Amino acid sequence: MNYQLRNKETLGAGVRRICREQIDAALEITWNGSDPDHDAVHELRKHLKKARAALGWGTKELGTKRFRYEDRQLQAGGRPLHKIGDTQGR
C-alpha cells in the first residue's frame with residue numbers, strides 16, 4: 001500500500017489518517033478473538049512500525065515534543081508484542 005496525501009489534504013491531516021489506518025488495522029488483528037499466533041503478532045508489529053514511520057513525516061507539524069510523546073506511545077504499545085513473538089519461536 002502506497003502512502004500518499006489525498007488531493008488538498010494537508011501533511012498533518014495525511015499523517016493522522018495514515019497513522020489511524022495503521023492503528024485500526026492493528027486493532028482488528030487483536031479483536032479476532034483467537035490466541036495470538038506468530039503471524040498475527042508479526043502483522044500487528046508491522047502496522048505499529050508503519051504508524052511510527054508515518055508519524056515521523058509529521059514531526060515538523062506536530063512539534064518535536066509532541067512527536068516524541070506519540071512515538072513513545074506507539075513504541076510502548078508494541079513492546080509487549082516482542083515478548084509474545086519470542087515465546088512463539090521468533
Side-chain angles (χ1 to χ4, degrees):
M1 169 185 245
N2 291 332
Y3 300 111
Q4 298 178 353
L5 294 178
R6 294 179 178 157
N7 288 338
K8 299 181 183 178
E9 184 175 45
T10 65
L11 178 61
V15 168
R16 276 190 299 276
R17 176 182 52 80
I18 292 167
C19 286
R20 199 173 299 125
E21 288 172 358
Q22 291 303 314
I23 292 168
D24 287 346
L27 288 173
E28 276 190 41
I29 293 169
T30 64
W31 289 336
N32 73 5
S34 63
D35 289 333
D37 63 356
H38 174 74
D39 293 333
V41 171
H42 178 70
E43 287 301 312
L44 211 160
R45 291 184 74 208
K46 274 185 4 183
H47 286 298
L48 292 177
K49 287 178 183 182
K50 289 177 184 181
R52 288 183 68 201
L55 184 65
W57 302 331
T59 305
K60 202 172 208 177
E61 294 249 337
L62 286 170
T64 305
K65 199 172 192 178
R66 180 66 184 208
F67 164 75
R68 286 184 183 152
Y69 172 79
E70 298 293 343
D71 186 55
R72 275 189 245 122
Q73 296 302 310
L74 288 170
Q75 186 178 30
R79 198 167 284 128
L81 301 172
H82 179 70
K83 292 177 184 175
I84 294 171
D86 285 346
T87 62
Q88 296 177 353
R90 255 193 120 200

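Computed over heavy atoms, backbone and side chain alike; hydrogens, waters and symmetry mates excluded. Model, not experiment: these values are computed from the prediction.
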| Got a second to check how far Arg79's CZ is from Arg45's CZ, nearest 0.5 Å? | 11.0 Å

| More than 12 heavy atoms of other groups within 6.0 Å of Glu28 CD | no

| said: To the nearest 0.5 Å, what is the distance between CZ on Arg6 and NZ on Lys8? | reply: 15.0 Å

| said: Please determine whether residues Leu11 and Ile18 belong to a single hydrophobic cluster, defined as Ile, Leu, Val, Met, Phe, Trp and Tyr linked transitively by side-chain heavy-atom distances below 4.5 Å. | reply: yes

| field | Nearest-0.5 Å distance, CZ of residue Arg16 to CD of residue Glu21 | value | 13.0 Å

| request: Please report the shortest heavy-atom distance between His47 and Ala26, naming the atom on each side. | output: CB-CB, 3.9 Å

| query | When rounded to the nearest 0.5 angstrom, what is the spacing between CD in Gln22 and CG in Leu44? | reply | 11.0 Å

| Do Tyr69 and Leu55 share a hydrophobic cluster (ILVMFWY, side-chain heavy atoms under 4.5 Å, transitive)? | no

| Do you know which two heavy atoms are closest between Leu5 and Thr10, and how far apart they sit? | CD2-O, 3.8 Å

| remark: Tightest non-hydrogen contact, residues Ala51 and Ile23, listed as CB-CG1, 4.3 Å

| task | Please report the shortest heavy-atom distance between Gln4 and Arg17, naming the atom on each side. | result | O-NH2, 2.7 Å

| Can you tell me how far the CZ atom of Arg52 sits from the CD atom of Gln73, to the nearest 0.5 Å? | 11.5 Å

| note | Taken to the nearest 0.5 Å, the spacing of Arg68 CZ from Leu62 CG works out to 12.5 Å

| query | Going through the checks in order, is the side chain to side chain contact (heavy atoms under 4.5 Å, CB included) test met by Glu61 and Val15? | reply | CA-CA 10 Å; Glu61 294 249 337; Val15 168; over 6 Å; no

